[in-house]
Each structure stands twice: as structure tokens, then as C-alpha cells.
There are 2 protein chains.
Amino acid sequence: MEKVKSKRELILDIAESGILSKGFGATSIDEIIAEAEITKSGFFYHFKDKNELARALLQRYLDTEEAILDDVFTRARELHGDPLHSFLIGLKMLSEMMGDLPNGHPGCLVATVAYSERMFDRDVRTLNRQAILIWRERFLGMLQEIAAIYPPRDGVDLRTVADMISSTVEGGIVMSRAVGEPKVLAEQIVLLRSYIKLLFSPANPC
Amino acid sequence: MEKVKSKRELILDIAESGILSKGFGATSIDEIIAEAEITKSGFFYHFKDKNELARALLQRYLDTEEAILDDVFTRARELHGDPLHSFLIGLKMLSEMMGDLPNGHPGCLVATVAYSERMFDRDVRTLNRQAILIWRERFLGMLQEIAAIYPPRDGVDLRTVADMISSTVEGGIVMSRAVGEPKVLAEQIVLLRSYIKLLFSPANPC
DNA sequence: TGATCACCTGTACCGCAAGTGCAGTCTTCG
DNA sequence: CGAAGACTGCACTTGCGGTACAGGTGATCA
């Protein structure tokens, strides 16, 4: 029984892949309903307009991203009790995960929303903003735990470093897509890892 | 005589600000011609379709970006003869420049193209790819010059570090826009600078 | 002077996409 | 049986991208 998947979920799947490859505006409802084998009325039964589709899509996307991050850093912590080392392991796992995607990372909906502000309503934009802030807090918590044991070099603000994690992923995705080299994203995460390592390794004032 | 600006340039200006705030698909030709006070025929006289507008826009954008980078790193080199120090000065200047933009960075057309692949034709996508590769070579050249004097820590590939410069800017822009905090971009460039500094500072094997 | 050209205007039209509205249908479940 | 959930079918509106083509106007140049 593969047919447990509801039409609603099917619409979300089709819309997501369309939006990530073509953008929100270029993914037509006609195209989505053709692939989902439903009618236009069927579409509007589930979503009152395209913005509601965007909202549902973003929410679903953020939920799975959060689950992935939870999983990676929980497993990393199981492999090493030390906060710094487990964080570095987590970043390595993240990098490998990104490198293993056959066609490269499909793109981040957060960036899609960020780059088409006015196409989305307040709700969608707020949801997007909240997601970034949640990532900021997540990574900041981990960094503070690290900093309590390994004092970081002066002059760096931990919140900025926390943002750097998200920023590296977003930037890496843009670069990978623009240049057509999926490996770029993985490389950038490795470089980020190298920075974190340097940042928290004891300064040796020879 | 302010009227030296041709209608063509005016169209490009209006289209650019529209695209950066709403995305390519959401910026209608009707809207552009209304603001430019020309007719639809006038628009299609200059650009045979929307894709040609995109191509011209991207080309113009890339030219000004290149001019800015040239200017910043040339001035930085005049301030300090050493490649590492002048590079660090250049990054600082770049960061300050980004922080000084009153409404934050308006967004990068390269990312817009990267995130709406299928909306643009081959020409536009190739142009976009070339731009990233040019940036890669530019920064790689500077990094090699630095590495010749200050041997970098093992395990880092200079090409990846070169990509990191572009990646940081792209990621920083996405973050700034998504969260509504213009300063994030400037902060991320400062952090990148801090990494470059650590990377090329002599390792002290105490 | 008048011919040419760049740079437009005006009008009419096409097809597609995003909706709106609403009546009807099939299925499932209490 | 009846009600609710998950749709279908169809007709219609608006806006957008684009085409086609017939002009118009001011500057430049032989």
C-alpha cells in the first residue's frame, strides 16, 4: 500500500522540487496539478492560494532540516563527549552528507524566500526569519558550551560565529548551484570546520 | 542636464531594483514601463524578451562588481605592500562598505540566477558561471601571492579558500535579508578576515 | 534638402497562469 | 441513512509575456 501518501503531500513534493529548480514564480499551478494528476479545484481545495502553499512548504522544509540537524549533532555527541570535538564531528558529517547528494543540494527554501521577499506574505517571511533565529540559538548554545572549556580567541562574537554556520551553508549552496559544482558546498563546510578548530585551539603565545 | 540617461539605462535601473526586491518572475514588464514612462513597444525595442533584459542586467551588475573589487584591493595594496596585510585591509574595507549600505546589501543577481535556473536561458546561466570562476581566479591569485610568503596551514586548498570569499558574501547577503539585519553581512566578512589571518599566521609548534 | 536611422508611440491581439465560484460526485464512517 | 472529506467539472476574470505592425520625431550626414 504505497497509496498512503495524500494528494496534499504529493502537491508539496512536486511543488518543492519545482520551486527549488525553477523558483517560486516559474512553478505554475497548472504544472503541479498535471504532475499530481488532480484538477485545479483539487489544488485550491487544499491551499487557498499559492502563498498558503509556500507557507506549508516552508514549514515542512524547516521541520525536516531541524530533524536532520538534531540527528547529526546528537549522533556526533554520542561519538565524542567533548563539545568541541563532537561539534567538529558533526560538521564533518554534515559536509559528507552534502557531498553525497547525487545532484548537489537541491537548494534552500530560506534563500528562495529571502530573494523574493515581496512575492510572499508577512506570515511566510516571519516564518523564514524565525527559522534563521532558531538556527542561531541552536549553534550559539553549542558554541557557548565549547567556549566554556576552550576559551576562544579574543575579538570574536559567538553569535556571529553561530550565524557563520548557516551563512556557510547558504553561501555554499549558492556557489554550488551557480558554478555547477556540487562539491563546493561540502568543501566550504570543511573550511568552516577548520576555522572553528583554529578558533578554539589554545593560542600559543611563543 | 540630467537627461543624459537613456531609457535603456532607466529600464535596467528599475528592473534591477525590482528583481532584487521581488525576484525576476514577480517583476512585470508592465510595472517597469509604467515607472520608466515608456510604452511596451519601447521596452521591446531595447530588449527582444525578458531574458535579454536579464542578460544585460547581469552583465552590467558584474561589471560594476568587478570595478568595486578592483578599486578596493588596489587601494588596499597602496596602503600596504605586503600581500597578506593588504588583503586583510581589503576585506576590512569591503566589510565597512557593506555595513555602510543604508538598507543593507540589495542582493546579488548571481544568487538570483542561481536560484531560478530554468527561468533563464543558457547564455545567462553561462555568464553567471563565468562570473564566479573569474572571482575564483582573482582571489586565488591573491592567495597564492600570500602563500608564497606566509605558508598556509596544511590541508587547506587555496582554491577552496578563494571560493570562500565569494561564498561568505553570498551567504551573508542571504542571512542579512532573511533575518532583516543588514549588519550580518559585514560581520561575516570580518569573521572571514579573522580566518584568513589565522590561516596564514605562522603556526607555533610549542 | 531630404534620406536614413535611432528611438520611440499606439493599437490590437494571442496564449498562459492565477485565481473565483459553485454545483455535483464518490467514498468513508458513525 | 446521512454527513463530512476529498475531490471533479466547468465557466469566467484578470494580469502578464509576447507578437505584429504601422506609424512618428528629432538628429545626423551625403
Side-chain angles (χ1 to χ4, degrees), chain A residues 1-58 60 112-113 116-124, chain B residues 1-58 60 112-113 116-124:
Chain A
M1 295 301 168
E2 294 290 306
K3 215 36 205 319
V4 281
K5 203 145 206 171
S6 68
K7 287 289 186 189
R8 193 191 142 93
E9 282 300 305
L10 185 58
I11 291 171
L12 288 174
D13 288 344
I14 295 167
E16 182 168 317
S17 81
I19 288 169
L20 289 176
S21 71
K22 290 177 299 189
F24 186 68
T27 305
S28 75
I29 293 174
D30 281 2
E31 185 188 322
I32 295 168
I33 65 176
E35 204 176 326
E37 292 177 316
I38 54 164
T39 60
K40 211 164 195 175
S41 314
F43 176 90
F44 285 105
Y45 169 75
H46 290 294
F47 308 98
K48 76 171 214 283
D49 57 20
K50 236 184 151 187
N51 236 299
E52 198 174 296
L53 171 69
R55 227 203 86 268
L57 215 45
L58 184 58
R60 198 182 67 148
T112 299
V113 173
S116 338
E117 276 180 13
R118 305 240 176 91
M119 284 195 68
F120 300 100
D121 60 23
R122 244 187 105 77
D123 278 8
V124 175
Chain B
M1 293 301 167
E2 293 290 305
K3 213 43 201 319
V4 282
K5 204 147 205 168
S6 68
K7 287 289 186 189
R8 193 189 142 94
E9 282 301 305
L10 184 59
I11 291 171
L12 289 173
D13 288 344
I14 294 167
E16 182 169 315
S17 80
I19 288 170
L20 289 175
S21 71
K22 291 178 298 190
F24 186 68
T27 305
S28 75
I29 294 176
D30 281 3
E31 185 188 321
I32 294 168
I33 64 176
E35 204 177 327
E37 293 179 314
I38 53 163
T39 60
K40 212 164 193 176
S41 315
F43 177 90
F44 286 106
Y45 168 76
H46 289 294
F47 308 98
K48 76 171 214 283
D49 56 20
K50 233 184 154 186
N51 237 299
E52 199 174 294
L53 171 69
R55 227 203 85 267
L57 214 44
L58 183 58
R60 196 182 69 149
T112 299
V113 173
S116 338
E117 276 181 11
R118 304 240 177 90
M119 284 195 68
F120 300 99
D121 61 22
R122 244 187 105 76
D123 278 9
V124 175

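So you know, we letter chains A, B, ... as the sequences are listed, proteins then strands, and number each from 1.
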Quick check: does any side chain N or O of Ser116(A) sit under 3.5 Å from a backbone N or O of Val113(A), one acting as donor and the other as acceptor?
-> no
Would you mind reading off the distance between Phe47(A) atom CZ and dA18(C) atom P, rounded to a whole angstrom?
-> 14 Å
Any His46(B) side-chain nitrogen or oxygen under 4.0 Å from OP1 or OP2 of dC7(C) = no
Nearest atoms (heavy-atom pairs only) where Ile19(B) meets Thr27(B) | N-OG1, 3.4 Å
Would you kindly give the CG-to-P distance between Asp49(B) and dG15(C), to the nearest whole Å?
-> 19 Å
Indicate the atoms forming the closest heavy-atom contact of Arg8(A) with Ala56(A), along with that distance.
-> NH2-CB, 3.7 Å
Length of the CZ-P vector between Phe44(B) and dA6(C), whole Å = 20 Å
Please state whether the base of dG19(C) and the side chain of Lys40(A) form at least one donor-acceptor pair under 3.5 Å?
-> yes
When rounded to whole Å, the CD to P distance for the pair Glu52(B) and dG17(D) reads 16 Å
Under 3.5 Å, which protein N or O atoms sit close to an N or O of nucleotides 22-25 of chain C? Give each pair with its distance.
none

Salt-bridged, Asp13(A) to Arg60(A), with N to O below 4.0 Å?
-> yes
Are the side chain of Lys50(B) and the backbone N or O of Ile29(B) linked by a donor-acceptor pair below 3.5 Å?
-> no
Mind calculating the distance between CD1 (Ile11(A)) and P (dT8(D)) to the nearest angstrom?
-> 9 Å
Quick one: is dA6(D) close enough that its OP1 or OP2 comes under 4.0 Å of any side-chain N or O from Tyr45(A)?
-> yes
Once you round to the nearest 0.5 Å, how far does CD of Glu37(A) lie from NZ of Lys7(A)?
-> 6.0 Å
Atom CD1 of Ile38(A) to atom P of dG5(D): distance rounded to whole Å?
-> 18 Å
Value in whole Å for how far the P atom of dG17(D) lies from CG of Asn51(B) | 12 Å
Which listed nucleotide (dA18(C), dC7(D), dC16(D)) is nearest to the side chain of Ser28(A)?
-> dA18(C)
Looking only at heavy atoms, what is the nearest atom pair of Ile11(B) and Phe47(B), with distance?
-> CG2-CE1, 3.7 Å
Measure from the side chain of Ile29(A), starting at C-beta and using heavy atoms only, and say which of dG17(D), dC8(C), dG19(C) lies closest.
-> dG19(C)
Rounded distance in Å - CZ (Phe43(B)) to P (dT11(C)) = 21 Å
Of the candidates dT8(D), dG19(C), dG17(D), the side chain of Thr39(A) sits closest to dT8(D)
